[in-house]
Amino acid sequence: MPLSWNEIKSRALAFSRKWEGETSERAEAQSFWNDFFGVFGIERRRVAIFEKQVKLVRAGEHLKRGRIDAFWKGMLLIEHKSAEQDLDRAFAQAADYFEGLPERDLPRYIIVSDFARFRLYDLEDDAEFEFKLTDLHKKVKHFSFIAGYAPQQIKPQDPVNIHAAEQMGRLHDQLKAAGYVGHPLELFLVRLVFCLFADDTGIFPKQNFRDWLDARTAEDGSDIGPKLAELFQILNTHRDKRQKNLDEQINAFDYINGRLFEEALPLAQFDAKMRATLLDCCALNWGSVSPAIFGALFQTVMDEKARRNLGAHYTSEENILKVIKPLFLDELWAEFNRIKGNKNRLFEFHKKLRTLTFLDPACGCGNFLVITYRELRLLELEILHVLYDSGRQQELNVHHLIRLDVDQFYGIEIEEFPAQIAQVAMWLVDHQMNVRVSEEFGMYFARIPLVTSPHIVNGNALRLDWADVLPPERCSYVLGNPPFVGAKFLNDAQRADVAQVFAGIEGGGLLDLVAAWYVKAARYVPDTNIRCAFVSTNSITQGEQVGVLWGWLLAQGIHIHFAHRTFRWSNEARGMAAVHCVIIGFGAFESGNKIIYEYDDIRGEPHTVKASNINPYLVDAADVVLPRRSNPICDVPEIGIGNKPIDGGNYLFTPEEKAEFVKREPVARRYFRRWLGGDEFINGYERWCLWLGDCPPAELRKMPEAMKRVEAVKHFRLASKSAPTRKLADIPTRFHVENMPTSEYLVIPKVSSERRRFVPIGFLDHKTLSSDLLFVLKGTSLYHVGVLCSTAHNSWVRYTCGRLESRYRYSKDIVYNNFPWPEAPTVAQRQKIDEAAQGVLDARAAFPSASLADLYDPLTMPPTLVKAHHKLDVAVDAAYGRKSFRTDAERVAFLFELYRKYTSLLPSGGIPATKRRAGRKRLT
């Protein structure tokens with residue numbers, strides 16, 4: 001156990017007085033440095049190891065003409081000079097020793113001295129400190145790395161996280177290639193991670209694990225397996241029960257407990273290369289590794305495919321804080337700041353922190369739990385500073401003052417390996433925070449042996465009863481990042497899991513996997529004050545999933561407390577993975593402090609908006625879910641999909657393919673019609689369709705090339721697994737869906753880039769055929785074009801549509817049919833919209849060579865078109881009875897209120913019967 005800082009300072013003062021004024025011969029230098037290490041409680045045995053390492057280095061060719069006074073592999077090199085010698089030359093000489101040393105042995109620190117002066121170089125942080133021998137007791141904290149108090153600067157994106165995972169991945173591969181696999185390999189590596197971390201953070205005597213491996217194992221690696229097995233047994237054995245004649249170096253390892261080293265594993269056979277890899281792992285600064293990040297990275301290296309994008313799958317600390325700050329942390333800090341002047345209330349607040357419990361039912365490697373615990377410990381540290389502020393000036397024994405512990409944290413993880421990592425990660429962050437406390441208050445504090453453990457259950461969260469893991473009456477918060485898998489991409493096991501969870505929920509088969517955690521949470525929290533928050537793909541707040549999931553959740557009494565609207569969930573690692581996510585905080589009770597986090601740029605930082613209510617679309621509006629409607633709620637043209645051939649591509653042609661076909665069969669020319677899908681419409685490229693549905697049989701039989709196409713379509717349909725498609729083989733010249741207007745018509749693409757402020761829509765000539773990737777509207781006027789092109793309608797789209805990846809996916813039943821058009825526009829207002837809509841079309845026409853993609857790219861949109869849209873928005877907003885809206889969210893909140901008003905007057909299914917147009921036929 002490291003000495004207290006008071007003891008170290010006292011020893012430093014005695015050392016300074018002993019050696020003050022010393023100018024003696026070289027022979028005295030070794031005594032000087034032996035005494036120096038004694039200041040920090042470094043045992044004679046460790047000093048002997050340093051001396052042995054010096055001899056080994058001196059034996060190298062590069063040192064035959066030089067000397068070195070102390071060498072601690074990977075940590076420290078000391079160069080000593082006689083009194084008043086040049087310390088710059090001493091440093092240069094010390095640096096010369098680096099040549100030829102293995103990279104893992106290169107020291108981070110260099111000390112040069114001439115008895116009277118010390119100069120310390122930190123090569124990693126590029127820092128330099130110089131002071132007199134007589135001031136050593138004042139400056140002794142600069143040498144905290146020797147004492148075992150090394151300050152830890154843990155950076156979430158520190159490259160050491162990646163390097164550590166890569167090195168462990170290399171060792172994993174070597175062991176696996178040698179036949180050491182499965183559960184033994186995974187537990188073996190988890191134990192090594194603990195030892196590596198313990199070696200750099202004071203759980204073990206500083207670098208004792210590395211020195212033990214280096215000095216006590218054969219260079220060919222042949223005895224490492226048995227040696228590590230012995231070490232693991234020692235770590236699981238209390239000192240009182242160990243053999244009395246144990247080797248001194250291995251007996252220096254403390255008893256760990258926590259059952260981490262309890263299970264006996266098969267011996268792992270090493271070779272020289274594997275030993276070198278393990279020593280390379282030892283050379284990294286594990287004290288700087290973030291347990292929250294490393295765990296997920298470590299899991300990734302176990303997967304050869306995932307390793308190609310190492311780091312792409314972990315959750316960054318910044319994003320975890322987006323969950324925990326509004327869930328509980330901001331409120332706890334606010335309470336602390338309110339009461340910190342009242343010590344009695346602060347004592348009670350400290351006790352309250354100990355009562356809080358946290359459940360992550362999809363904990364993975366524990367990163368949410370780790371960061372939560374770390375942040376609570378930082379809050380506790382501030383409490384201690386206020387209660388015991390004298391601790392900043394003198395030592396304070398905090399052993400009995402630290403209340404928070406890892407046993408307040410619960411997790412469920414379906415895979416064994418990450419569950420093991422999660423448990424170890426919690427112990428590691430606990431120790432990191434204990435080291436932080438030691439630095440702050442001067443008295444070494446560690447929880448070794450491990451007495452308490454986090455409650456990490458290896459099981460299926462969708463099958464387990466969460467109450468068996470943590471009874472709800474004892475739970476404070478549920479949080480996490482459940483897996484992102486779309487409903488269409490579930491494997492068989494996942495499909496069986498969600499079927500059980502969604503039983504009784506109409507339309508549950510439409511829901512993504514993450515929705516199952518919301519349903520389980522809703523069943524867990526009734527009649528409690530439990531607060532929940534999950535990271536989710538934004539799909540559960542868009543499109544048809546909203547009606548299914550949130551219709552049920554709202555009926556269970558669930559209320560949304562806070563929400564991060566769509567943002568880009570990513571990290572800074574190589575192969576960066578990014579997905580568009582939301583964060584939703586909720587519970588089975590109302591909250592008086594509802595906040596929406598809005599993102600002007602989904603890659604940027606949010607700003608907060610106070611809300612009176614947050615509905616399932618994450619808008620400050622009443623709780624509304626949009627049902628699938630077969631008809632519009634307003635008296636407007638109906639919408640349908642375009643043509644759907646189901647032809648295996650046999651009727652579709654590029655311009656070149658069409659020209660070649662017509663060259664072979666000229667009579668077929670008149671049966672070709674221009675063909676547009678969403679991509680062709682937006683990007684302006686050409687495709688053609690051979691439409692034979694109206695071709696007389698006698699004429700068709702005279703076109704052998706066309707007959708080949710018809711035959712191919714017939715065979716394609718007959719080969720389908722779908723019975724309706726096989727039936728269509730009876731009429732191979734016809735399409736599955738036919739929608740061919742006889743006059744000009746309006747189209748809306750089903751899919752459009754999220755970068756565009758406006759979904760491009762436009763008119764098509766009746767001779768052009770639209771595919772089912774375009775929506776078709778007949779009988780439209782400029783008024784309809786204007787409203788559909790407006791920001792009002794496009795804001796509605798952004799908030800209610802589904803997504804294809806991140807692109808907008810327009811829909812008939814959810815978006816169009818539920819859209820609230822202006823209630824009762826005057827003739828003058830309609831005329832203004834007509835004129836403004838024509839202005840938009842005219843502004844487009846001024847650029848005949850530009851595609852809609854060119855015109856609506858936010859970087860290339862012509863100023864005239866921007867102005868035309870602005871003029872249109874003014875006209876449409878006026879028809880809604882408003883001058884303008886400050887934000888999309890405000891506009892959509894208004895539209896939801898209008899939607900509620902309209903639908904309260906409707907019979908089920910659509911517009912009021914008195915307004916429905918007689919004789920209207922479905923387009924599909």
Side-chain angles (χ1 to χ4, degrees), residues 258-259 320 323-333 335-336 347-364 366-377 379-380 383 402-414 419 422-423 425-427 429-430 433 447 450-482 501 516-534 553 556-559 561-562 584-591:
R259 304 185 68 181
I320 294 172
V323 175
I324 67 175
K325 283 171 67 66
L327 180 62
F328 63 87
L329 194 60
D330 287 343
E331 187 175 304
L332 290 176
W333 274 102
E335 183 176 354
F336 165 75
F347 275 118
E348 294 305 311
F349 178 66
H350 194 188
K351 291 178 183 177
K352 168 186 163 180
L353 294 186
R354 175 58 180 159
T355 68
L356 301 179
T357 54
F358 302 82
L359 169 64
D360 182 346
C363 72
N367 48 3
F368 275 76
L369 298 176
V370 165
I371 297 300
T372 294
Y373 183 49
R374 184 195 70 191
E375 292 300 311
L376 288 171
R377 287 291 302 270
L379 175 57
E380 182 179 45
I383 293 171
I402 299 294
R403 294 182 179 274
L404 294 175
D405 210 337
V406 295
D407 60 356
Q408 296 172 242
F409 296 83
Y410 297 75
I412 304 172
E413 169 52 39
I414 195 168
Q423 179 163 274
M426 289 296 291
W427 283 326
V429 75
D430 179 60
M433 296 314 300
R447 287 177 170 141
L450 301 171
V451 176
T452 59
S453 298
H455 307 275
I456 309 298
V457 175
N458 175 208
N460 185 340
L462 300 185
R463 298 282 184 170
L464 286 174
D465 183 346
W466 295 2
D468 292 339
V469 178
L470 175 61
E473 60 272 15
R474 289 181 45 224
C475 181
S476 306
Y477 303 98
V478 176
L479 71 164
N481 181 13
V501 175
W517 272 260
Y518 282 82
V519 172
K520 290 279 287 188
R523 291 173 176 151
Y524 179 68
V525 302
D527 303 317
T528 71
N529 290 321
I530 297 172
R531 296 183 180 183
C532 309
F534 290 139
L553 289 174
Q556 311 309 305
I558 295 299
H559 300 270
H561 298 162
F562 72 88
I584 302 176
F586 61 97
F589 59 94
E590 271 287 16
S591 168

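In this structure, the separation between CG on D405 and OG1 on T452 is 3.0 Å, given to the nearest 0.5 Å. Here the straight-line distance linking atom CZ of F328 with atom CZ of F358 works out to 4.5 Å at 0.5 Å rounding. M426 CE to L450 CG: the interatomic distance, rounded to the nearest 0.5 Å, is 12.5 Å. One distance of note links CG of L379 with CG of L353; it measures 5.5 Å at 0.5 Å rounding. From F589, atom CZ reaches atom CG of N529 across 5.5 Å, with rounding to the nearest 0.5 Å. Residue I383 holds its CD1 atom at 8.5 Å from CG of L332, rounded to the nearest 0.5 Å.
Across all non-hydrogen atoms, the minimal contact from I530 to C475 is CG1-O, 3.3 Å. Taking every heavy atom of both residues into account, W427 and P454 meet most closely at NE1-CD, 3.8 Å. The minimum heavy-atom distance linking W517 with F534 is given by the pair O-CE1, 3.6 Å. Taking all atoms of both residues into account, the shortest heavy-atom contact from C363 to E413 is SG-CB, 3.7 Å. When all heavy atoms are compared, the tightest approach of Y373 to L404 is OH-O, 3.6 Å. V501 and R523 make their closest contact through O-NH1, 2.8 Å (heavy atoms, listed as atom of the first residue, atom of the second, distance).
At a threshold of 4.5 Å between non-hydrogen side-chain atoms, the residues Y524 and V469 do not count as touching. Between E331 and R531 the shortest side-chain heavy-atom distance falls below 4.5 Å. Residues L327 and F562 have side chains in contact (heavy-atom distance under 4.5 Å, counting atoms from C-beta outward).
Applying the salt bridge (Lys or Arg N to Asp or Glu O under 4.0 Å) rule to D430 yields the partners R377, R447; only residues at least two apart in sequence or on another chain are considered. Under the rule for a side chain to side chain donor-acceptor pair (under 3.5 Å), H455 has no partner lying at least two apart in sequence or in another chain.
Between K520 and D465 there is no salt bridge, since none of the side-chain N atoms of the basic residue sits less than 4.0 Å from a carboxylate O of the acidic one.
Few gaps surround CZ on R354; more than 12 heavy atoms of other groups in view lie less than 6.0 Å from it. Annotation for D527: atom CG does not count as buried by contact number, only 12 or fewer foreign heavy atoms lying within 6.0 Å.
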Practice task
Applying side-chain contact (heavy atoms from CB on, under 4.5 Å), run through V525 and I558 and close with a yes or a no.
Solution key: CA-CA 9 Å; V525 302; I558 295 299; 4.1 Å; yes
Exercise for the section: Before giving the answer on side-chain contact (heavy atoms from CB on, under 4.5 Å), spell out for M433 and E380 the whole-Å C-alpha distance, their side-chain angles and the decisive distance to 0.1 Å. Expected result: CA-CA 10 Å; M433 296 314 300; E380 182 179 45; over 6 Å; no
Exercise for the section: Would you check, one step at a time, whether the test side-chain contact (heavy atoms from CB on, under 4.5 Å) holds for L553 with F586? Expected result: CA-CA 10 Å; L553 289 174; F586 61 97; 6.0 Å; no
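Under a 3.5 Å cut-off, the side chain of N458 and the backbone N or O of I414 do form a donor-acceptor pair. Not a single donor-acceptor pair under 3.5 Å links the side chain of E590 to the backbone N or O of H559. Checking side-chain atoms of W466 against main-chain N and O of A461 turns up a donor-acceptor pair under 3.5 Å.
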